[in-house]
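One structure below.
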Amino acid sequence: MEQHITIKSAYEDSVSLSATGFYKIDGIGYDPVKNQGNPSNYFSYGVACSEVEIDCLTGDHKNLRTDIVMDVGMSLNPAIDIGQIEGAFVQGLGLFTLEELKYSPDGNLYTRGPGMYKIPAFGDIPDEFNVSLLRDCPNSKAIYSSKAIGEPPLFLSASIFYAIKDAIMSARAESGITGMFRLDSPATPERIRNACVDQFTKLVAGSGKGLDMWFEGEISVKDYPETASLWDWGEWAAVYANG
């Protein structure tokens with residue numbers, strides 16, 4: 001009761017009961033002009049390998065398995081660190097496969113939040129998700145030889161994106177199409193479906209010439225600025241191919 005009265009009195013007298021602090025790390029400083037100095041006290045490292053399955057008819061994909069090994073120094077709390085890694089990876093799934101930015105012809109952003117685009121859900125988490133912390137790698141530049149861990153594992157989600165691209169390459173090979181092709185991030189179902197060139201996509205794109213030339217990088221939207229307002233590159237390819 002006495003503590004409650006003290007807090008109430010401090011509030012009524014406008015007395016702050018909070019405190020803040022900031023620690024400046026020695027030896028940090030970077031000159032971008034001279035490209036000299038240390039921008040960070042240390043770096044975080046990680047590696048990931050992912051396996052996916054794509055549906056060539058719908059463009060949908062399934063994340064089957066992901067294995068991650070992350071360097072967090074001497075972990076202070078492995079359960080928390082693994083949770084951070086898992087969370088950042090799922091956040092990256094949205095970045096690389098779902099959260100596409102859509103703009104109006106005037107440059108206004110349509111997709112302003114989760115109500116306008118799909119964010120990762122339970123079904124997007126890999127069916128088999130293994131996260132390991134690299135052992136015996138103390139960090140001499142931080143407290144108790146640890147490393148901070150937050151969003152760096154987000155970039156490991158690129159393994160999902162490139163696994164999708166490998167799967168598309170296999171699908172294209174079955175259709176007799178080889179060589180380089182373009183796949184922008186995020187790898188949405190529309191982009192995956194159109195990248196899996198087959199008799200159906202060729203029907204959409206007339207003779208298929210425009211679509212193939214787009215994949216091969218021979219033409220781009222800069223060559224046909226009148227189509228710049230079209231949202232989807234597949235629509236643009238269809239316009240070109242149909243003359």
Side-chain angles (χ1 to χ4, degrees), residues 40-102 111 113-139 142-174 181-196:
S40 303
N41 191 33
Y42 58 84
F43 296 94
S44 295
Y45 302 93
V47 62
C49 182
S50 296
E51 179 183 358
V52 303
E53 182 179 67
I54 65 172
D55 187 330
C56 297
L57 293 180
T58 65
D60 195 14
H61 79 278
K62 179 68 175 177
N63 301 319
L64 301 179
R65 174 173 176 169
T66 291
D67 294 272
I68 296 175
V69 177
M70 196 75 191
D71 172 17
V72 298
M74 301 297 289
S75 176
L76 300 180
N77 190 319
I80 291 179
D81 286 340
I82 290 175
Q84 289 281 355
I85 295 168
E86 292 173 340
F89 184 85
V90 173
Q91 182 183 5
L93 287 180
L95 174 65
F96 289 110
T97 64
L98 297 171
E99 300 164 12
E100 182 180 9
L101 300 181
K102 295 283 192 178
T111 49
M116 302 296 291
Y117 57 75
K118 183 182 177 183
I119 62 175
F122 293 112
D124 297 306
I125 299 174
D127 292 342
E128 186 174 347
F129 197 6
N130 304 311
V131 178
S132 302
L133 304 181
L134 190 64
R135 297 185 179 184
D136 301 324
C137 53
N139 177 28
I143 185 171
Y144 294 116
S145 300
S146 64
K147 281 188 177 182
I149 190 68
E151 293 189 352
L154 178 148
F155 296 102
L156 298 180
S157 304
S159 62
I160 293 286
F161 176 83
Y162 288 108
I164 291 174
K165 190 169 185 179
D166 283 346
I168 294 173
M169 184 176 294
S170 296
R172 288 167 62 89
E174 292 180 1
F181 68 96
R182 175 172 175 170
L183 180 67
D184 291 335
S185 177
T188 58
E190 295 86 353
R191 288 173 173 167
I192 294 174
R193 177 64 188 95
N194 284 320
C196 295

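None of the values given here were measured: they were computed from a predicted structure. Just so it is clear, the values below take in all heavy atoms, side chains as well, and ignore hydrogens, waters and symmetry mates.
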Rounded to the nearest 0.5 Å, the CG atom of Leu183 sits from the OG atom of Ser185 at a distance of 8.0 Å

Next item on the list: Could you tell me whether Phe155 atom CZ has more than 12 heavy atoms of other residues or ligands within 6.0 Å of it?
Entry: no

In this structure, CG of Asn41 is separated from CZ of Phe43 (nearest 0.5 Å) by 9.5 Å

Stepwise, does the side chain to side chain contact (heavy atoms under 4.5 Å, CB included) test hold for Leu156 with Thr66? CA-CA 10 Å; Leu156 298 180; Thr66 291; over 6 Å; no

Tested for side-chain contact (heavy atoms from CB on, under 4.5 Å) against Asp124, the lone hit among Leu98, Ile160, Ile119 is Leu98

In this structure, CD1 of Ile192 is separated from OG1 of Thr58 (nearest 0.5 Å) by 8.5 Å

Q: Examine distances only and state if a side-chain atom of Tyr162 and a backbone atom of Ser50 form a donor-acceptor pair shorter than 3.5 Å.
A: no

With Arg65 as partner, the option from Glu51, Glu128, Glu53 fulfilling salt bridge (charged side-chain N to carboxylate O under 4.0 Å, His left out) is Glu128

Is there a donor-acceptor pair closer than 3.5 Å between any side-chain N or O of Asn63 and the backbone N or O of Ile125? no

_Side chain to side chain, Met169 and Phe181, heavy atoms closer than 4.5 Å_ = yes

When rounded to the nearest 0.5 Å, the distance separating CZ of Arg193 from OG1 of Thr188 is 13.0 Å

In short, salt bridge (charged side-chain N to carboxylate O under 4.0 Å, His left out) pairs touching residues 143-168 with sequence neighbours left out are Asp71-Lys147

Sequence neighbours excluded and cut-off under 3.5 Å, please list the side-chain donor-acceptor pairs for residues 81-97, or say none.
from	atom 1	to	atom 2	distance (Å)
Asp81	OD2	Ser75	OG	2.5
Thr97	OG1	Leu93	O	2.5

Looking only at heavy atoms, the pair that brings Val52 and Ile164 closest together is CG2-N, 3.6 Å

Under 4.0 Å between a side-chain nitrogen and a carboxylate oxygen: does that hold for Asp184 and Arg182? yes

Looking only at heavy atoms, the pair that brings Pro153 and Gly150 closest together is CD-O, 3.6 Å

Separation between OG (Ser170) and CD1 (Ile54), nearest 0.5 Å, reads 8.0 Å

CD (Glu100) and OG1 (Thr111) are apart, to the nearest 0.5 Å, by 7.5 Å

